[in-house]
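To start, the structure under review is shown below, and the notes come after it.
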Number of protein chains: 2
Amino acid sequence: MHQPEHLKNVGLKSTVPRLKVLSLFESGRGRHMSAEDVYKLLLASGDDVGLATVYRVLTQFEQAGLLVRHYFEGGKSVFELNQGTHHDHIVCLQCGHVEEFYDAAIEAHQEKAASERGFQIRDHSLYIYADCTKESCPNK
Amino acid sequence: MHQPEHLKNVGLKSTVPRLKVLSLFESGRGRHMSAEDVYKLLLASGDDVGLATVYRVLTQFEQAGLLVRHYFEGGKSVFELNQGTHHDHIVCLQCGHVEEFYDAAIEAHQEKAASERGFQIRDHSLYIYADCTKESCPNK
DNA sequence: TTTGCGAATGATAATCGTTCTCATTTGCGA
DNA sequence: TCGCAAATGAGAACGATTATCATTCGCAAA
Ligand SMILES: [Mn+2]
Ligand SMILES: [Mn+2]
Ligand SMILES: [Zn+2]
Ligand SMILES: [Zn+2]
């Protein structure tokens, strides 16, 4: 999918740590990952990259539009590949399972609520915290 | 408004620091406040309370249902008086002005989106980040 | 290719918000 | 008024993230 040129196209020089982080996200070995997640997965696969570099690269990728950052509850940022289309998230409070959804009606009502009050929307975040019904979920 | 009995009613003994924090929220000197905001406002008014106590009391008030905690972007928790009715927030990215709103249609669609996917909603957070149209806003 | 240099990296220190520890104080029922 | 569990406050500890800085690397010019 992505090649070294992709990094150049967004103004970042192609380096080993950057390519490793990008290919991890593209490998599908984790969709919503924290800096620590990325760091540990890279270590586990023998690719050792400094933790500080992981943080730097994630922020650079976010600014370059390659990744999207989320602030779930819990205090740590979570990143995912930017695939162009916006979506919101449902997070299971028991098992942490994250499901993505997009609801055009909700998006439209948000736009309406903001413009009625004289605001021009730049961004928004909607997280639904819930209990899921997966078999594997401790929530029996 | 609130009196010492209110604390007892929610299972907390009436202490000086707790009463000070509660009356600060009730004074209207700030609606959405972080622990640091509360700490500094109390110090400024001559009521010195330890920072650790401020954190403890805010968490206790949240658990007791007196306050609601929000996780705005920026990494720090923000609290406001729980006035019984849920609402969401629009935050101006330029001046930080926060406006509250409630949209029954959005709430209903969230419920629908979650139940359709087998989730039982426990909580949710919706923040709209925007540019406001206040005269005082740097966003001219 | 080799070279040169500014950008990138990684080990580690520092920062920030928050929680923990523990000796001291306080609220409040007996 | 006492007694004691609960609450407080100062400061240490913590987890996530950022800053510092000496070393290494990417890459373009020669
Ligand atoms: Mn997602
Ligand atoms: Mn509010
Ligand atoms: Zn679950
Ligand atoms: Zn504004």
Side-chain angles (χ1 to χ4, degrees), chain A residues 2-24 32-43 45-64 66-79 96, chain B residues 2-24 30 32-43 45-64 66-67 69-79 96:
Chain A
H2 278 277
Q3 297 296 323
E5 307 85 63
H6 289 76
L7 289 178
K8 299 216 185 82
N9 291 340
V10 296
L12 296 171
K13 74 167 63 167
S14 176
T15 67
V16 171
R18 284 174 183 159
L19 290 170
K20 284 177 180 170
V21 171
L22 189 51
S23 66
L24 172 58
H32 301 95
M33 293 187 282
S34 67
E36 195 70 25
D37 292 337
V38 170
Y39 178 65
K40 286 181 175 159
L41 282 173
L42 289 181
L43 282 196
S45 60
D47 302 308
D48 50 324
V49 175
L51 179 57
T53 299
V54 169
Y55 274 102
R56 273 188 300 242
V57 169
L58 290 174
T59 298
Q60 291 159 351
F61 282 6
E62 179 198 11
Q63 291 169 345
L66 294 177
L67 296 180
V68 175
R69 180 196 297 257
H70 297 291
Y71 299 92
F72 290 176
E73 285 185 18
K76 62 181 68 168
S77 289
V78 171
F79 300 81
Chain B
H2 278 277
Q3 298 296 324
E5 308 86 63
H6 289 75
L7 289 178
K8 299 217 185 82
N9 291 341
V10 295
L12 295 171
K13 74 166 63 166
S14 178
T15 68
V16 171
R18 285 173 182 159
L19 290 170
K20 284 178 179 170
V21 171
L22 188 51
S23 65
L24 172 59
H32 301 94
M33 293 187 282
S34 67
E36 195 70 25
D37 292 337
V38 170
Y39 178 65
K40 285 182 175 160
L41 282 172
L42 289 180
L43 282 195
S45 61
D47 301 309
D48 52 324
V49 175
L51 180 57
T53 300
V54 170
Y55 274 100
R56 274 187 299 242
V57 169
L58 290 175
T59 298
Q60 290 160 350
F61 283 6
E62 179 198 11
Q63 292 169 344
L66 295 176
L67 296 179
R69 180 196 298 257
H70 298 292
Y71 299 92
F72 289 177
E73 285 185 19
K76 62 180 68 168
S77 289
V78 170
F79 300 80

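Worth knowing before you read on, the calculation uses all heavy atoms, side chains too, and leaves out hydrogens, waters and symmetry mates. Chain letters run A, B, ... following the sequence lines, proteins first, then strands; residues in each count from 1.
Residues passing the salt bridge (charged side-chain N to carboxylate O under 4.0 Å, His left out) test with Glu36(A) are Lys40(A), sequence neighbours excluded. The side-chain contact (heavy atoms from CB on, under 4.5 Å) test applied to Ala52(A) returns Arg56(A), not counting sequence neighbours.
Taking both residues in full, the closest heavy atoms of Ser14(A) and Leu7(A) are given as CA-CD1, 4.0 Å, listed atom of the first, atom of the second, then distance. Residues Val49(B) and Tyr39(B) share a closest heavy-atom pair of O-CE1, 3.1 Å.
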Test side chain to side chain contact (heavy atoms under 4.5 Å, CB included) on Arg69(A) and Thr59(A); report intermediate values, then the result. CA-CA 9 Å; Arg69(A) 180 196 297 257; Thr59(A) 298; 3.3 Å; yes

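The distance from atom CZ of Phe79(A) to atom CG of Leu66(A), rounded to the nearest 0.5 Å, is 12.0 Å. Annotation: the span from Asp37(B) atom CG to Leu42(B) atom CG amounts to 10.5 Å, rounded to 0.5 Å. Note that NZ of Lys76(A) is 16.0 Å distant from NE2 of His70(A), once rounded to the nearest 0.5 Å. The CG atom of Leu58(A) sits 9.0 Å away from the CD atom of Glu62(A) when rounded to the nearest 0.5 Å.
Although no hydrogens or angles enter the test, the distance criterion places a donor-acceptor pair under 3.5 Å between the side chain of Arg18(B) and the main chain of Lys13(B).
One can place CD of Gln60(A) at 13 Å from P of dA7(C), the figure rounded to the nearest angstrom. One interatomic measurement links the two molecules: CZ of Arg18(B) to P of dT25(C), which rounds to 19 Å at whole-angstrom precision.
Annotation: the terminal axes of the helix from dT1(C)-dA30(D) to dA30(C)-dT1(D) meet at 20°, where each axis is the rotation carrying the C1' atoms of four end pairs onto the next four (5 pairs per end, rounded to 10°).
For DNA chain D, the outermost nucleotides in 5' to 3' order that have an atom under 4.0 Å from a heavy atom of chain A are dA16(D) to dC27(D).
Among Leu19(B), Leu41(B), Val54(B), the single residue meeting the side chain to side chain contact (heavy atoms under 4.5 Å, CB included) criterion with Leu24(B) is Leu41(B).
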Let me have a per-nucleotide readout for nucleotides 18-24 of chain C, 5' to 3', with B, S or -, counting only protein heavy atoms under 4.0 Å. BBBB---

Is there any protein nitrogen or oxygen under 3.5 Å from a nitrogen or oxygen in nucleotides 28-30 of chain C, and what are the pairs?
{"from": "dC28(C)", "atom 1": "OP1", "to": "Ser14(B)", "atom 2": "N", "distance (Å)": "3.2"}

